[in-house]
Amino acid sequence: FFQMLGFTKPPNEIVKELLAARPAEYCVSAFLGPERITRLAIVFREPGNPSFGSTLASLLVPHRQFDEGSFQKIGQILGIQANVVEYAASAEGYDACMGFEL
């Protein structure tokens with residue numbers, strides 16, 4: 001999918017994790033510049049796998065520890081758990097982020 005749109009193929013471990021996400025819903029967003037797609041993102045809402053976001057982040061940046069504590073604190077304040085994960089490709093490479101949708 002990413003390759004068809006001009007981005008490098010993600011590593012197999014990441015593809016397997018994306019396929020195992022089991023979200024309640026997802027959305028694909030394509031951002032266009034004057035000549036081509038500049039950013040492609042998949043947003044997973046309510047992933048069925050609770051560790052999906054942290055696992056994806058650790059696969060992308062294996063030398064950094066994901067800060068679960070911060071997300072738990074924010075979740076306690078908001079009264080929900082992190083429920084949105086975005087995986088995106090751009091000219092700079094791949095990125096993943098987690099967040100809260102109220």
Practice task
Please indicate whether Tyr26 has more than 12 foreign heavy atoms, meaning atoms of other residues, nucleotides or ligands, lying under 6.0 Å from its OH.
Solution key: no
Practice task
Verify the neighbour count for atom NZ of Lys16: are there more than 12 heavy atoms of other residues, nucleotides or ligands below 6.0 Å?
Solution key: no
Say whether [X] and [Y] are linked into one hydrophobic cluster, either directly or through other cluster members, by side-chain heavy-atom distances under 4.5 angstrom.
{"X": "Val28", "Y": "Met98", "value": "yes"}
{"X": "Leu19", "Y": "Leu59", "value": "no"}
{"X": "Leu40", "Y": "Leu32", "value": "yes"}

Say you draw a straight line from [atom1] of [X] to [atom2] of [Y]; how long is it, rounded to the nearest 0.5 Å?
{"X": "Phe7", "Y": "Arg36", "atom1": "CZ", "atom2": "CZ", "value": "7.0 Å"}
{"X": "Glu101", "Y": "Leu78", "atom1": "CD", "atom2": "CG", "value": "12.5 Å"}
{"X": "Glu86", "Y": "Leu56", "atom1": "CD", "atom2": "CG", "value": "10.5 Å"}
{"X": "Leu60", "Y": "Ile14", "atom1": "CG", "atom2": "CD1", "value": "4.0 Å"}
{"X": "Glu68", "Y": "Lys73", "atom1": "CD", "atom2": "NZ", "value": "13.0 Å"}

Handout entry: Qualifying ring pair (Phe, Tyr, Trp, His ring centres under 6.0 Å) pairs with a residue from residues 69-102, counting only residues at least two apart or across chains
Key =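 Applying ring pair (Phe, Tyr, Trp, His ring centres under 6.0 Å) to every pair that reaches into residues 69-102, excluding sequence neighbours, yields Phe2-Tyr87, Phe2-Tyr94, Phe66-Phe71, Phe71-Phe100, Tyr87-Tyr94.
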Handout entry: Check ion pair Arg22-Glu17 (N to O, under 4.0 angstrom)
Key =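 Result for this pair is no, no salt bridge flagged.
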Any [X] side-chain heavy atom under 4.5 Å of [Y] side chain:
{"X": "Val85", "Y": "Val43", "value": "no"}
{"X": "Val84", "Y": "Phe44", "value": "no"}
{"X": "Lys9", "Y": "Val15", "value": "yes"}

Handout entry: Donor-acceptor contact present, side-chain Thr38 to main-chain Phe31, <3.5 Å
Key =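 Yes; at least one donor-acceptor contact below 3.5 Å.
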Exercise for the section: Under the salt bridge (Lys or Arg N to Asp or Glu O under 4.0 Å) rule, collect the residues that match up with Glu92, sequence neighbours excluded. Expected result: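 Glu92: no salt bridge (Lys or Arg N to Asp or Glu O under 4.0 Å) contacts found.
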